[in-house]
Amino acid sequence: MPLSEHEQRMLEQIESALYAEDPKFASSVRGGRLRTTSSRRRLQAAALFVLGLVLLVAGIALPVRPGGFPIISLIGFIVMFGAGVLLLLGGAKGATPGRGGSSPGDSAAAGSSERAGGRGRPRRSGGFTERMEDRFRRRFEE
């Protein structure tokens, strides 16, 4: 169901306000790159699934069974299972690298916190939800 003109205008105003208020967050949640990655992942997963299905059927049809066990069918099943995992989890991993784009000041701060932590991970003052709650509160306090 398409949006009415009034709803489209309101959506554009909300988007522009989000970009003006927090451009880093807005660019990380923008959906343009995610759609291309997910469609590519779906295509890869479908191709792997078909390959696994062919191996599964070929393992049953071919007389190659070392030790009486249809190893080719097992490999086909594992490939099909991997295709399912790729379909379900592959999109999430594809979205994460886009978040790495930060300003030079942020990378310097992250580097100093990495050295202070000693484990190679940047230390954070709070969890993700805590930071989001803080941002939400600050927006309405101003």
Side-chain angles (χ1 to χ4, degrees), residues 1-140:
M1 179 172 178
L3 297 175
S4 68
E5 290 181 25
H6 176 69
E7 291 170 334
Q8 287 178 352
R9 273 187 264 125
M10 288 181 63
L11 182 62
E12 288 173 3
Q13 288 174 355
I14 292 169
E15 286 176 350
S16 63
L18 177 64
Y19 277 110
E21 190 170 313
D22 197 354
K24 187 173 160 183
F25 175 71
S27 65
S28 71
V29 296
R30 194 175 77 218
R33 240 182 91 149
L34 295 177
R35 284 190 205 115
T36 58
T37 304
S38 66
S39 63
R40 185 181 314 139
R41 290 282 182 201
R42 275 187 291 216
L43 183 63
Q44 290 172 346
L48 273 178
F49 188 84
V50 168
L51 176 68
L53 186 62
V54 166
L55 286 173
L56 184 75
V57 172
I60 293 171
L62 294 176
V64 180
R65 294 188 180 145
F69 188 76
I71 192 75
I72 297 174
S73 294
L74 178 65
I75 292 171
F77 176 76
I78 291 171
V79 169
M80 288 172 62
F81 184 77
V85 169
L86 178 70
L87 182 64
L88 293 176
L89 301 178
K93 291 179 183 175
T96 352
R99 305 179 99 194
S102 58
S103 64
D106 292 341
S107 63
S112 63
S113 64
E114 282 180 22
R115 281 181 241 114
R119 282 180 264 150
R121 290 186 188 168
R123 284 191 300 172
R124 295 183 179 151
S125 59
F128 175 75
T129 54
E130 190 175 319
R131 288 180 290 162
M132 294 306 288
E133 288 173 358
D134 288 342
R135 284 183 184 175
F136 183 78
R137 283 190 206 109
R138 277 187 263 141
R139 286 181 181 155
F140 288 103

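Note that this is a predicted model, so its numbers are computed, not measured. Every heavy atom of this structure was used, including side-chain atoms; hydrogens, water molecules and symmetry mates were not. Residue indices begin at 1 and follow the sequence shown.
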Novice: Identify, with sequence neighbours excluded, every residue that meets side chain to side chain contact (heavy atoms under 4.5 Å, CB included) alongside Leu3.
Specialist: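 With neighbours one apart ignored, the set is Glu7, Gln8, Leu11.
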Novice: Going from CG on Leu18 to CG on Asp22, what distance comes out if it is rounded to the nearest 0.5 angstrom?
Specialist: 7.0 Å
Novice: Give every donor-acceptor pair under 3.5 Å between a side-chain atom in residues 59-88 and any protein atom, sequence neighbours left out.
Specialist:
{"residue": "Arg65", "atom": "NH2", "partner": "Ile60", "partner atom": "O", "Å": "2.5"}
{"residue": "Ser73", "atom": "OG", "partner": "Leu56", "partner atom": "O", "Å": "3.0"}
{"residue": "Ser73", "atom": "OG", "partner": "Ile60", "partner atom": "N", "Å": "3.2"}

Novice: Distance check, rounded to the nearest 0.5 Å: Met10 atom CE versus His6 atom NE2?
Specialist: 4.5 Å
Novice: I need the Glu21 CD to Ser16 OG distance, nearest 0.5 Å.
Specialist: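 One finds 11.0 Å between CD of Glu21 and OG of Ser16.
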Novice: Between Arg131 and Asp134, is there a side-chain N and carboxylate O pair less than 4.0 Å apart?
Specialist: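 No, Arg131 and Asp134 are not salt-bridged.
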Novice: Can you list everything that forms a side chain to side chain contact (heavy atoms under 4.5 Å, CB included) with Met132? Sequence neighbours excluded, please.
Specialist: Phe25, Phe128, Arg135
